[in-house]
Amino acid sequence: MEALWVVGVISAILVPFLYLVWKHHPSYGANPGAPAFPLVGSLPLVIRNKHRFYEWTCELFDRSPSLTRRVTLGRTIFLSTADPQVVHHILKSHFVDYPKGRRFYPFFADLLGNGIFNCDGALWRLQRKVASHVFTTNSLRDFVLAIADAEISGRLLPALDSVYCSSTDFLDLQALLMHYTFDTICQLTFGSDPACLDSSKVEETNRNGNTARMSVTGEDDIADEDSHASHDVSLPTSYAKVPHHLIQGFVQAFQVAVQITAERFLVPGFVWRLKRSLKIGSEKRLSEALEVVNRFTSFVIEQSKKDLANGKDRKDLLARFIRLSKDEEEVPVDIADKNEHEGLSISDALLKDILLSFILAGWETVASGITFALWLLSIHPRVEREVLNEIDRILGDRKFNHVLEGSKMETFTYNDVRKMHYLQAVLSESMRLYPPVPSDCKYAARDDTLPDGTQVLEGYQVSYNVFAMGRAARVWGKDCLEFRPERWLDENGEFVPASPFKYPVFQAGPRICLGKDFAFIQMKLVVASLVRNFEFVVQPGFKPKLSYGVSMIMVDGLPVTIKKRLSSFC
Ligand code: HEM
């Protein structure tokens, strides 16, 4: 009896106390549609749904009366939005109040340092100013076109042609495209060719019946320096001379470093920080990979400076950044208002960070854009037919030589690409449903109120969910889940872009993607060339499993068989 009395008293004190603790915990009172538990918030649900994370967030938005939801993970509060007005607020009208912030920085700091992706304020403005100048030159556009042309005609088409000739096994098209984009982005950024896409390797993979990613960086590659020379494509400029073993080591190390960096987001911060300070597990591998990456970047920066001093005509981004740099001093943080390029200084350390940021920017993103578009075309024959009709109309009477001639197959010109309105719509529609960068997160630098009335406190993480926005009926209408490129065309069949705040696939506002136009040129060139020449048949019943990382790719690749498009060969 006495014991019962004691339990009663303790409960009477403890229950209200626990209630008060919970009431003052961030997880209390989360918006409807974002179930939260005391203390841990939505963490258990995130873990339960991690295999279908993006689909799950769409369901939560569907159930929620508001397109902005509060989510708590432990003590961290996220505001997640799919509302174009809120996106406009954080990315444009209140841009300075929503930087990337100090929480984001450490995740990428080891890999990207202070590169354009990983900084705010003066350092970002400096890089943005220089890069915007570089990216608006016609000579860079011509360089991008020349690289893409050489890689598509000299490697990508012959590689697929060799697969077609040799077998009917499934091939991982995504892996092939990842090699293609890695080759092109390395040539664009530092003027050297890693030759990841090599038709002999495709044939080899195919013969082994292996549908997984092709090995591009195995020991054989490093040892076999001569094989590289035999698969050289006709390169469009004077290139940096980098020993083959060095560049192949870099390819492997960079890809490992990106993967481990992305995995940091999947575990509580203290876990990877502890592993890093103890130098164990994945963090040990990361630091080893970064050593290789840094050795390589030091080499190419030094080499590029020598080339430029010797009057070589280098057109890559690194050479352009070096030319704009006046001295070797570290960039002062208060450089923001220095005039144009007067007195601009970019240290080697910053050049390295810039270099790696651009490789990261243009590698998986472009491959993802192309892969999802090709998959959607293969399962929507009507849309694919429209793409082929558009290509036929553009080519007109022009003879299009798609037959392999030596090592070169003909591709399209810039003028052709500009006329491809339907293909532009296909790619935009495909990235609406499968955005290569599915979400992005900012940090509230001060208290604020969003346009929909949501209160923001300093320190909140405010993210916009690009994936959910593309699939929200309240944003795109009832047919939002349909793949319908026509929604992007006017009555004359001309492409009409959507507001970047409704479609922030390339972000929007002052930090909008600098490579957007180049990305579209590349994606159109590749998709048009591939679809015109080949028919890709996807494994029956295939549905891609979406990755959760820096960019969204298909976890198990895109297994296809390849047929030559006979009707196009007359
Ligand atoms: C389909 C392809 C691409 C997509 C979907 C894409 C998307 C994006 C997104 C979402 C951002 C904002 C990232 C952030 O701040 O967290 C971004 C930034 C950026 N992108 Fe792209 N990108 C693509 C291709 C490229 C290419 C090919 C390049 C360069 C060759 C490039 C260069 C950049 C740069 C330099 C930034 C940083 C801009 C800044 O912070 O001021 N991107 N991109």
Side-chain angles (χ1 to χ4, degrees), residues 87 90-91 95 98-101 104-105 107-108 112 114-121 123-136 140-141 143-145 147-148 177-178 180-190 262 265 316-318 320-321 353-373 424 427-428 430-443 461-467 469-470 500-501 503-527 550-553:
V87 174
I90 59 176
L91 295 186
F95 174 71
Y98 293 94
K100 294 216 165 198
F104 180 85
Y105 178 82
F107 287 90
F108 275 106
L112 299 182
N114 288 315
I116 189 164
F117 272 114
N118 208 32
C119 61
D120 292 304
L123 262 177
W124 168 74
R125 277 197 295 279
L126 166 84
Q127 293 179 60
R128 178 84 194 185
K129 199 187 267 187
V130 181
S132 304
H133 171 77
V134 167
F135 268 71
T136 44
L140 189 69
R141 192 199 65 205
F143 185 52
V144 170
L145 279 162
I147 292 170
L177 291 165
M178 293 279 249
Y180 163 83
T181 51
F182 202 80
D183 280 354
T184 52
I185 197 66
C186 286
Q187 292 173 47
L188 174 65
T189 44
F190 56 83
F265 287 93
D316 50 275
L317 290 173
L318 176 59
R320 287 168 198 258
F321 272 100
D353 297 342
I354 295 173
L355 190 71
L356 296 179
S357 299
F358 277 94
I359 298 176
L360 186 66
W363 170 40
E364 287 192 345
T365 49
V366 179
S368 159
I370 303 170
T371 305
F372 280 99
Q424 176 98 15
L427 288 161
S428 304
S430 160
M431 290 188 290
R432 177 180 70 82
L433 292 167
Y434 296 97
V437 183
S439 74
D440 196 17
C441 197
K442 304 286 174 188
Y443 171 86
Q461 307 281 309
V462 184
S463 73
Y464 57 97
N465 187 328
V466 188
F467 187 90
M469 279 183 95
F501 305 104
Y503 181 76
V505 164
F506 292 90
Q507 198 163 179
R511 284 195 94 140
I512 193 165
C513 170
L514 272 170
K516 180 181 168 205
D517 293 344
F518 291 160
F520 267 111
I521 292 177
Q522 279 239 37
M523 292 187 292
K524 283 161 107 177
L525 277 175
V526 173
V527 174
V550 178
S551 32
M552 192 172 72
I553 55 171

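Fair warning: this is a prediction, and the values are worked out from it, not measured in the lab. One is the number of the first residue; the rest follow in order along the sequence. Start at 1 and go down the list; that is how both ligands and their atoms are numbered. What's counted below: heavy atoms across the whole structure, side chains too, no hydrogens, waters or symmetry copies.
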With backbone taken as N, CA, C and O and side chain as the heavy atoms from C-beta onward, which portion of Ile185 lies under 4.0 Å from ligand 1: side chain, backbone, both, or neither? side chain
Subset of ligand 1 atoms that lie under 4.0 Å from at least one heavy atom of Gly362: 26 (C), 27 (C)
Using the six-membered ring wherever Trp is involved, compare the ring planes of Phe182 and Trp363 and label them parallel, tilted or perpendicular (cut-offs 30° and 60°). perpendicular
Side chain, backbone, both or neither: the part of Asp440 lying under 4.0 Å from ligand 1 by heavy atom: side chain
Answer with yes or no whether the side chains of Asn118 and Tyr105 bring together a donor and an acceptor at under 3.5 Å. no
For Trp124, which part has a heavy atom under 4.0 Å from ligand 1: side chain, backbone, both, or neither? side chain
Per-residue contact class, Gln522 against ligand 1 - non-hydrogen pairs under 4.0 Å: neither
Quick one: nearest non-hydrogen protein atom to atom 40 (O) of ligand 1, plus distance? Arg511 NE, 2.9 Å
Using the six-membered ring wherever Trp is involved, compare the ring planes of Trp124 and Phe95 and label them parallel, tilted or perpendicular (cut-offs 30° and 60°). tilted
Are the side chain of Tyr503 and the backbone of Ser428 linked by a donor-acceptor contact shorter than 3.5 Å? yes
Is ligand 1 under 4.0 Å from a heavy atom in the side chain of Ala361, in the backbone, in both, or in neither? both
Main chain of Phe518, side chain of Gln522: is a donor-acceptor contact present, judged purely on distance under 3.5 Å? no
Per-residue contact class, Arg128 against ligand 1 - non-hydrogen pairs under 4.0 Å: side chain
